[in-house]
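These notes are about the structure you will find just below.
In the text below, chain A, chain B and the rest are named by the order of the sequence lines, each starting its count at 1. In this text, all values refer to a predicted model and were calculated from it rather than measured experimentally. Reckoned from all heavy atoms, side chains included, excluding hydrogens, waters and symmetry mates.
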2 protein chains.
Amino acid sequence: MSASTRADASRERVLQAALRAIASNGYRGSALAAIAADAGLTTAGLLHHFPSKEHLLVAVLAERDRLDGAQFQLAGFQGLAALDRLAELVQHNAMVPGLVQAYTVLMGESVGEDHPAREWFQDRYPRRRANIAAALRAGIESGEIRCEVDCDAVAAQVIAMMDGLQVQWVLNPDLVDMVAVFANFIAGVRRAIAQ
Amino acid sequence: MSASTRADASRERVLQAALRAIASNGYRGSALAAIAADAGLTTAGLLHHFPSKEHLLVAVLAERDRLDGAQFQLAGFQGLAALDRLAELVQHNAMVPGLVQAYTVLMGESVGEDHPAREWFQDRYPRRRANIAAALRAGIESGEIRCEVDCDAVAAQVIAMMDGLQVQWVLNPDLVDMVAVFANFIAGVRRAIAQ
DNA sequence: CGGGTCCGACCGATTGCTCGGTCTCGTTAT
DNA sequence: ATAACGAGACCGAGCAATCGGTCGGACCCG
């Protein structure tokens with residue numbers, strides 16, 4: 001499974017350093033040399049593990065996918081329980097501000113035309129909307145959600161609320177209680193769509 | 001007021017070009033030379049009007065402030081009417097995708113630590129939240145909004161929804177009907193907070 | 001003519017990335 | 001057990017390209 005402990009440890013340190021750098025300066029603003037130094041390597045050493053800066057970025061995104069998959073995706077929450085699960089996810093995110101910041105920076109940066117992360121986000125949003133919408137539709141079938149609810153719209157709204165609040169929270173952590181405001185929002189959605 | 005038409009025209013073209021460039025590649029990813037060429041100038045010519053790249057950025061943001069001020073700020077909408085006004089603003093934004101994209105990219109980019117636009121966004125969010133919250137509180141006084149509504153939370157939510165939907169819409173315009181989904185959201189908020 | 005406007009040439013710094021080489025370590029042959 | 005070997009991990013130096021910004025002078029309009 002894990003061939004050499006040495007190489008894997010270096011890779012891991014590089015990924016962490018890349019996350020920190022992206023959180024601070026974005027992808028374009030981060031220098032490969034700085035990331036390498038932060039990970040205790042030289043530029044050439046880093047490039048040995050990740051053949052290019054873009055490869056490093058997709059590795060960071062893949063890591064995020066891996067964590068998310070283990071944490072949220074597989075969980076088969078349906079109906080209103082899925083919404084509560086999302087509130088818990090926000091609560092968890094509030095404890096890893098660095099990761100949230102890196103994700104937020106990348107999200108904005110990727111909107112640009114030729115950004116290497118654009119495709120990743122472009123694929124990710126429809127998938128997440130579909131996941132949440134499906135969970136809501138399951139709630140309709142089980143009778144706990146009113147049948148005339150526009151599940152796709154609600155799914156888009158929930159995701160938009162998560163992203164939007166993250167921006168405000170990262171910019172001004174002590175002025176916005178992201179967890180409380182999102183919980184408040186979810187409570188409103190529950191009230192609006194529950195049978 | 002306007003000294004020479006020539007210089008003002010150049011300035012205007014540079015601002016437009018900067019907006020396009022930022023929309024495509026962000027602030028960090030945009031080259032001064034490319035912006036200048038797009039505006040029909042050389043780098044040195046651009047630098048004659050804006051002494052540094054950062055000066056150009058704040059000029060772009062100031063322009064945004066100017067437009068917003070004329071379009072939304074001064075209008076004294078209160079209570080539920082303010083929410084409808086925001087829905088109209090989203091409707092208007094949907095017709096200028098380039099501007100929305102530039103704003104979205106900048107928003108994410110500015111989350112970084114030393115970004116020159118960070119302060120601008122950091123000041124802007126509390127101000128906008130306060131504006132909307134004040135409008136809602138006025139609606140409470142006039143009796144059209146229930147008095148136990150958390151105006152600050154709702155204000156943060158409305159702004160977060162605008163920003164979050166913009167991201168999804170810019171990334172995938174044909175998959176997300178930003179105007180409709182936001183209108184749907186506002187309708188829900190109205191239902192939740194109206195007396 | 002004179003000041004505002006803009007260009008061409010250039011600078012120092014930094015970028016992502018390559019290349020040649022050194023070091024370490026597990027494997028294998030003896 | 002030990003020596004020889006080869007693959008992987010990493011470094012130092014430097015590549016070409018690009019970055020934001022400077023400087024002196026040419027153009028043009030009032």
In whole Å, what is the span from the CG atom of B:L56 to the C1' atom of D:dC19?
15 Å
Hey, are A:E113 and B:Q101 close enough side-chain-wise for a donor-acceptor pair under 3.5 Å?
yes
How many Å lie between CZ on A:R13 and P on D:dA9, as a whole number?
13 Å
Could you check how far CG of B:L32 sits from P of D:dG20, rounded to whole Å?
5 Å
Do B:L89 and B:V181 sit in one hydrophobic cluster, given that two such residues count as connected whenever their side-chain heavy atoms are within less than 4.5 Å of each other, even indirectly?
yes
Hey, can you pull the residues of residues 24-31 of chain B with a non-hydrogen atom under 4.0 angstrom from DNA chain D?
B:S30, B:A31
Taking only the side-chain nitrogens and oxygens of B:S10, find out if one of them lies under 4.0 Å from OP1 or OP2 of C:dT5.
no
Check for a donor-acceptor pair, side chain of B:K53 on one end and backbone N or O of B:S30 on the other, with a separation under 3.5 Å.
yes
Whether A:D152 and A:R137 form a salt bridge (side-chain N of Lys/Arg under 4.0 Å from carboxylate O of Asp/Glu) is what I want to check.
yes
Judged by atom type as modelled, is there a donor-acceptor pair below 3.5 Å linking the side chain of B:Q157 to the main-chain atoms of A:F182?
no
Can you find a side-chain donor-acceptor pair between A:D177 and A:W169 that sits under 3.5 Å?
no
Under a 4.0 Å heavy-atom cut-off, which of residues 37-48 of chain B touch DNA chain D?
B:T43, B:A44, B:L47
Just how far, in rounded Å, is P of D:dC10 from CZ of A:R11?
11 Å
Do the side chains of A:V176 and B:V158 join up, straight or via other hydrophobic residues, at under 4.5 Å, putting them in one cluster?
no
Between B:I35 (CD1) and D:dC19 (P), how many Å, whole number?
11 Å
Expressed as a whole number of angstroms, how long is the span from B:D8:CG to C:dG4:P?
14 Å
Determine yes or no for a side-chain-to-main-chain donor-acceptor pair under 3.5 angstrom, with B:R146 supplying the side chain and B:A192 the backbone.
yes
